[in-house]
Undergrad: 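One structure, pasted below without further comment.
Chain naming here is simple, since letters A, B, ... match the order of the sequence lines and numbering starts at 1 in each. Given the structure is predicted, the values throughout are model-derived calculations rather than measurements.
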There are 2 protein chains.
Amino acid sequence: MKQTKDRKAEILQTAALLFKQKGYSAVTMRDLADAVGIKAASLYNHINSKQQILSEIIFAIAEDFTEGIEEIVAQETNAQAKLKAVVAQHITLTADNPYGMAALNNDWMHLEDRLEYYLKLRNQYEKRFREIVLNGQQSGQLKNVSHEILLFSVLSTLRNLYLWIPRKADLQKEKLIDDLSEILLQGVVQ
Amino acid sequence: MKQTKDRKAEILQTAALLFKQKGYSAVTMRDLADAVGIKAASLYNHINSKQQILSEIIFAIAEDFTEGIEEIVAQETNAQAKLKAVVAQHITLTADNPYGMAALNNDWMHLEDRLEYYLKLRNQYEKRFREIVLNGQQSGQLKNVSHEILLFSVLSTLRNLYLWIPRKADLQKEKLIDDLSEILLQGVVQ
DNA sequence: ACGTAAAACTAACGATTGTTAGTTAATTAT
DNA sequence: ATAATTAACTAACAATCGTTAGTTTTACGT
């Protein structure tokens, strides 16, 4: 028996890594058990089901995002500062848990019982994000292109950070926040 | 029996849709057969394996991208025009086959025998894209931020178009090309 | 009208899936 | 030291997986 009081955390972390590599459906409980170094049946001393593993991984992050954007919306700052805060939040949360972010992005459709709650959180997040963009356009700070395209474009990049951040061994978070905000807000042309 | 000479095309198209909804591993041959309106065993009158379905879906698109970017690199235009051409290529190919694009993005890791060839095509594509960016930076047209961040940011948005384009029933392709190029190249701040 | 080929069907295969039952070993509390 | 609890194990389950074999039905060229 491994001497540790949080085998469960190890299982969730390992599962997130495997989910990122092959997707939820392609990862078997035996794959997961092998990666942890125990037998598949032993996993059930720590978790109730494969479903629950996915659920815990996803909602640990999803709720952070929903709470975070509420704080950003409440800030008394201009749209540009709020957008930079959103970029910073994505970078921070992704750096904390990149493989969980992968599951959040790619495996949410397998949530089954808790799918509805996930969609609620996601819609709430996007609604707040949209508010920031629309306010920024009304105040003349942001360009008057379709706010849908604008939202899609920025969010696509932010949601893909889980692919990029783990490749950077020596991540300088503050520099990444500055550089990525610059690119997303001001563009890439000199 | 359904009166059609290209059941195979229907199978591939339906498979791409299902792969987008649930991912390759979660789609069973019985799911696919149901969606087509036949029995699972009958699928094998038209295709050799589940693997082959994925492979045909992905490479039909992947090869288009690789060929397309070679043409763009060969253009005698500046970096900004080349980047806009890349945006246009992504929008065109994604609009032609959004569900295939989803498989290309999300299910490539299940290619097994043909995984190596896929990675070769993808690396070739990214290498050409990088050339465009580096040339643009050297000539002073593009900002001197990390070209890796720049590449990641633009490519993330373009690779996510498969999520956005099918939601637009009345897609005005030329307008989308203009708007998205504007946002990616010039940013969102007024 | 009839023969041939294409494409559907039913039935089943061996392998693998998530999970449970029952048991043994290891850790912790008294 | 011993009892109680935790966490590992082996073995097996019913269900489902991709796929094959063999058969029947449909469509088409002559």
Side-chain angles (χ1 to χ4, degrees), chain A residues 1-59 103 106-115, chain B residues 1-59 103 106-115:
Chain A
M1 197 189 325
K2 190 174 175 184
Q3 170 71 17
T4 167
K5 66 174 183 291
D6 41 15
R7 187 91 308 161
K8 182 174 176 179
E10 186 188 3
I11 290 171
L12 293 180
Q13 204 174 325
T14 307
L17 171 62
L18 295 181
F19 291 168
K20 187 222 164 192
Q21 290 171 348
K22 308 201 294 176
Y24 173 77
S25 303
V27 176
T28 72
M29 295 303 273
R30 285 163 183 86
D31 289 340
L32 176 54
D34 281 353
V36 173
I38 60 179
K39 296 293 172 181
S42 303
L43 293 169
Y44 290 83
N45 288 318
H46 305 278
I47 52 93
N48 297 323
S49 66
K50 191 185 176 188
Q51 270 296 306
Q52 186 208 7
I53 294 177
L54 181 66
S55 188
E56 292 205 18
I57 291 172
I58 287 181
F59 285 108
N106 302 326
D107 294 318
W108 57 267
M109 69 285 281
H110 301 111
L111 279 173
E112 300 192 2
D113 287 348
R114 306 196 64 186
L115 178 58
Chain B
M1 193 188 332
K2 191 174 173 183
Q3 170 71 16
T4 165
K5 65 174 183 291
D6 41 14
R7 246 277 119 103
K8 181 174 176 179
E10 186 189 3
I11 290 171
L12 294 180
Q13 204 173 326
T14 306
L17 172 62
L18 295 181
F19 292 168
K20 187 221 164 191
Q21 291 171 347
K22 308 202 295 178
Y24 173 76
S25 302
V27 176
T28 71
M29 296 302 274
R30 287 165 182 85
D31 289 340
L32 176 54
D34 282 352
V36 173
I38 60 179
K39 297 292 172 181
S42 303
L43 293 170
Y44 290 83
N45 287 320
H46 307 278
I47 51 95
N48 297 323
S49 66
K50 191 185 176 189
Q51 270 298 305
Q52 186 209 7
I53 294 176
L54 181 65
S55 189
E56 291 205 19
I57 291 172
I58 287 181
F59 285 107
N106 302 325
D107 294 318
W108 57 268
M109 69 284 281
H110 300 113
L111 279 172
E112 302 192 0
D113 286 349
R114 307 195 62 185
L115 178 58

Undergrad: Go through D:dT19, C:dA7, C:dT10 for me and flag the one nearest to the B:S49 side chain.
TA: D:dT19
Undergrad: Kindly point out which of C:dG18, D:dG18, D:dT10 is positioned nearest to the side chain of A:M29?
TA: C:dG18
Undergrad: Output the rounded distance in Å from CG (B:D31) to P (D:dT16).
TA: 11 Å
Undergrad: Nearest to the side chain of B:T28, heavy atoms from C-beta on, is which of D:dT19, C:dT19, D:dG18?
TA: D:dG18
Undergrad: Calculate, to the nearest 0.5 Å, the distance between atoms CZ and CG belonging to B:R7 and B:L43 respectively.
TA: 9.0 Å
Undergrad: Check the distance between C:dT16's C1' and B:K50's NZ and give it to me in whole angstrom.
TA: 13 Å
Undergrad: May I ask you to say what B:S42 touches in the nucleic acid, namely base, sugar-phosphate or nothing, with a heavy-atom cut-off under 4.0 Å?
TA: base
Undergrad: Are OP1 or OP2 of D:dA8 and a side-chain N or O of A:H46 less than 4.0 angstrom apart?
TA: yes
Undergrad: Given atom CG of A:L32 and atom P of C:dT19, what is their separation to the nearest angstrom?
TA: 11 Å
Undergrad: How about A:Q13: does its CD atom have over 12 heavy atoms from other parts shown lying under 6.0 Å from it?
TA: no
Undergrad: What's the CD-P distance between A:Q52 and C:dG18, to the nearest Å?
TA: 15 Å
Undergrad: Distance check, rounded to the nearest 0.5 Å: B:K22 atom NZ versus B:N106 atom CG?
TA: 15.0 Å
Undergrad: Let me know the distance between CZ of B:R30 and P of C:dC13, rounded to the nearest Å.
TA: 14 Å
Undergrad: Examine the base of C:dA6 for any acceptor or donor lying under 3.5 Å from a partner atom in the side chain of B:N45, and report the outcome as yes or no.
TA: no
Undergrad: Can you tell me if the side-chain N/O atoms of B:R7 get under 4.0 Å from OP1 or OP2 in C:dA6?
TA: no
Undergrad: Whole-Å distance between D:dT20 C1' and B:I47 CD1?
TA: 13 Å
Undergrad: What is the distance from CD of A:Q51 to P of C:dT17, rounded to the nearest Å?
TA: 17 Å
Undergrad: Drop me the distance from A:M29's CE to A:D34's CG, to the nearest 0.5 angstrom.
TA: 12.0 Å
Undergrad: Distance check needed: D:dC17 P versus B:L43 CG, whole Å only.
TA: 13 Å
Undergrad: Distance-only, no hydrogens or angles: does the A:T14 side chain make a donor-acceptor pair with backbone N or O of A:E10 under 3.5 Å?
TA: yes
